[in-house]
Engineer: 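Just passing along the structure, written as structure tokens.
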Amino acid sequence: MRLVTLLKAGLTLDLYLFKNNRAAFISMLLWPYLVLALILGMGLSFGNPSSFKQKVGMHIDPIVYFVASTFIALSSLDVMWGISGQILFQRWIGTLPYTLIAPYRTSVTLIVTYIPRYLLSTFINILEFTPLILLMNGLYQGSIKIAVLLLAATIGMFPLLGFSALFASFLLAIKEESNVLSWINPIILMFSGAFYPAYLLPYWARLISHILPTTYTIELARTAAWLGSPDLTHITFLVGLLAGITIVYNLTAYLVVGAGEKKAMKEGAF
Amino acid sequence: MLTSVKAILWLHIIRLWRYKWSFLNMILTYVVWILLLMLGILLFVPKESLGITVKAAYWTILAWNVISQFSSLIGGWMGFFISTGMVEEHILRGISPFKVITGRVIPGFSVILMSQAFIAILLGEMFKVDVLGIINPALTVLSFVLLMMESLSYGLIISSISLRTSIPHAMLEILNFAMVGLLMMPVTSLPPMLGIIYLAIPYAAPTYLMKIATIGGIGGAPLYFEAMLISVVETLIFLVIGIYSMKRSEEWMKRNGVRAVGFW
């Protein structure tokens with residue numbers, strides 16, 4: 001089995017899921033706008049944009065700020081569910097032992113089959129927000145902002161792959177049937193400053209946010225919300241930082257996940 | 001009759017104890033998601049009006065929690081009940097599966113109580129606001145009961161539909177999510193005629209009553225009597241539809257058998 005086959009399998013899985021489960025596809029399209037509408041609707045009915053700018057301490061557009069936040073938060077959740085959540089899902093449906101004895105390592109199978117699915121769903125999500133961003137910022141500025149968001153989603157995926165693989169091995173090890181991911185994932189997003197900037201969090205929370213890859217992905221995406229042209233130096237700095245974190249997380253995942261898989265092969269995965 | 005009621009209550013209490021990690025999981029998941037979204041929303045609120053906003057948001061969230069838990073924990077449980085083959089077992093023993101489903105009020109209520117207490121503590125600590133300091137306790141209880149009855153009926157309607165056909169779970173979540181947007185709308189900012197139309201939307205009137213009871217007059221509480229009348233009439237309509245659809249579904253099921261296409 002070649003790696004291309006795994007890539008193809010991942011893509012085909014999603015395409016057929018969309019084709020056969022239209023309700024799931026429609027709900028996938030609706031979610032980003034529902035989250036955005038909830039935050040902006042409630043925020044604007046209870047408060048005002050000038051308060052927002054004052055609290056955030058930056059001259060930014062609240063709508064693009066929350067478009068960027070929603071887009072990256074949903075993409076990050078997608079990666080964490082798509083890789084770590086697969087362990088639980090496969091355990092529930094009884095296919096985990098088959099994945100464990102497949103020719104490729106479990107982590108490789110999970111990651112490689114997931115990458116095309118991530119790119120497809122990210123592309124669909126950004127396509128959904130494109131009309132709104134272009135409407136708010138015009139063709140030139142809007143295109144730059146979309147490019148920044150796409151860059152953040154793509155570069156941000158790499159450290160998250162290693163991070164999620166680490167979580168997958170954790171789920172293999174604890175053999176927990178209840179879905180711990182459903183509350184761990186929003187906690188990760190909260191510490192990463194998904195909707196509330198990480199620099200406004202208490203000191204102890206900021207320490208945690210520094211080690212999470214999603215913190216930097218969200219910060220990179222939010223440069224799109226700055227009014228005027230984005231600061232290229234800041235973007236380059238964040239891309240460099242994410243590249244460094246990618247190496248750290250993926251290397252750690254390579255070592256740790258290997259041990260977790262060996263343990264699961266030895267003791268069983270039920 | 002009494003034996004079956006006791007058995008149903010015992011079933012749901014013992015399940016709550018046996019699946020304690022899932023119970024804790026449900027509470028934590030709800031609390032963390034709410035907090036995550038609320039922190040973003042509160043960025044818009046000026047410091048001077050933070051107290052009243054946090055309180056209004058808390059009671060809107062409570063209303064949403066009731067709607068969401070009752071529709072998914074009661075309506076959604078039918079899928080599980082069908083897939084384990086329990087519907088046939090209960091019908092053969094002369095017990096309506098809907099009576100068993102109604103017992104899900106226990107886990108639903110427990111999750112609401114624990115998660116709201118948790119949110120109240122967190123908001124109190126973070127924003128120094130006493131969200132539980134209510135003005136009219138009797139009206140709070142009444143609006144809560146009306147909201148619960150409406151949500152329970154909705155959950156039972158959903159489970160009776162799911163006996164005959166499948167319902168995509170995601171669509172129900174989306175409907176619940178869209179409901180928050182409607183519930184947060186300030187009635188006082190609408191012209192009186194539009195206000196009445198708004199209150200006629202399911203759950204809107206009891207939620208408005210709950211806000212009056214907890215936050216205060218909201219501009220002398222306009223449309224108070226209209227909201228009360230609509231809440232009571234709407235709850236009765238919901239109950240009648242709920243009972244009717246349960247009866248029809250049971251008759252249909254006895255004629256055609258259980259269709260194992262569940263809710264989840």
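Reminder, nothing fancy here: chain letters follow the sequence lines and each chain counts from 1. The basis for the numbers below is simple: all heavy atoms, side chains too, and nothing from hydrogens, waters or symmetry mates.
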Engineer: Which atoms of A:P62 come close to chain B, meaning under 4.5 Å heavy atom to heavy atom: side chain ones, backbone ones, both, or neither?
Structural biologist: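 For A:P62, the contact with chain B is made by the side chain alone.
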Engineer: Return the CE to CG distance between B:M38 and A:L38, rounded to the nearest 0.5 Å.
Structural biologist: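 If I round to the nearest 0.5 Å, the distance is 10.5 Å.
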Engineer: Identify which one of A:L189, A:I187, A:I188 satisfies the side-chain contact (heavy atoms from CB on, under 4.5 Å) criterion when paired with B:V32.
Structural biologist: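 One option only clears the test, and that one is A:I187.
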Engineer: Quick check for you: among A:L40, A:L77, A:N185, A:V56, which has the greatest number of heavy-atom pairs under 4.5 Å with chain B?
Structural biologist: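 The candidate making the most pairs under 4.5 Å is A:L77.
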Engineer: Working to the nearest 0.5 Å, report the span between OG1 of B:T29 and CH2 of A:W183.
Structural biologist: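 B:T29 atom OG1 to A:W183 atom CH2 measures 8.5 Å (nearest 0.5 Å).
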Engineer: Is A:L200 in contact with chain B via its backbone, its side chain, both, or neither, using a 4.5 Å heavy-atom distance?
Structural biologist: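 For A:L200, the contact with chain B is made by the side chain alone.
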Engineer: Rounded at 0.5 Å granularity, tell me how far CZ in B:F44 sits from CG in A:N48.
Structural biologist: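 It is 9.0 Å, given to the nearest 0.5 Å.
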Engineer: Which bit of B:L42 is near chain A, if near means a heavy-atom gap under 4.5 Å: side chain, backbone, both or neither?
Structural biologist: backbone
Engineer: Does CD in B:E125 sit with more than 12 non-hydrogen atoms of other residues, nucleotides or ligands closer than 6.0 Å?
Structural biologist: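 Open.
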Engineer: For A:A194 versus B:L36, what's the shortest heavy-atom pair and its separation?
Structural biologist: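 Closest pair (atom of A:A194, atom of B:L36, distance): CB-CD1, 4.3 Å.
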Engineer: Tell me if the CZ atom of B:F118 is crowded by more than 12 foreign heavy atoms within 6.0 Å.
Structural biologist: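 12 or below, so no.
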Engineer: Mind listing the closest non-hydrogen atom pair of A:P197 and B:L43 along with its distance?
Structural biologist: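 Heavy-atom minimum between the residues: CD-CD1, 3.8 Å.
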Engineer: Taking all non-hydrogen atoms of both residues into account, name the closest pair between A:G47 and B:P46 and its distance.
Structural biologist: CA-CD, 4.1 Å
Engineer: Would you indicate whether A:Y199, at its atom OH, is surrounded by more than 12 heavy atoms from other residues, nucleotides or ligands within a distance under 6.0 Å?
Structural biologist: yes
Engineer: Side chains of B:L39 and A:F195: does their closest heavy-atom pair fall under 4.5 Å?
Structural biologist: no
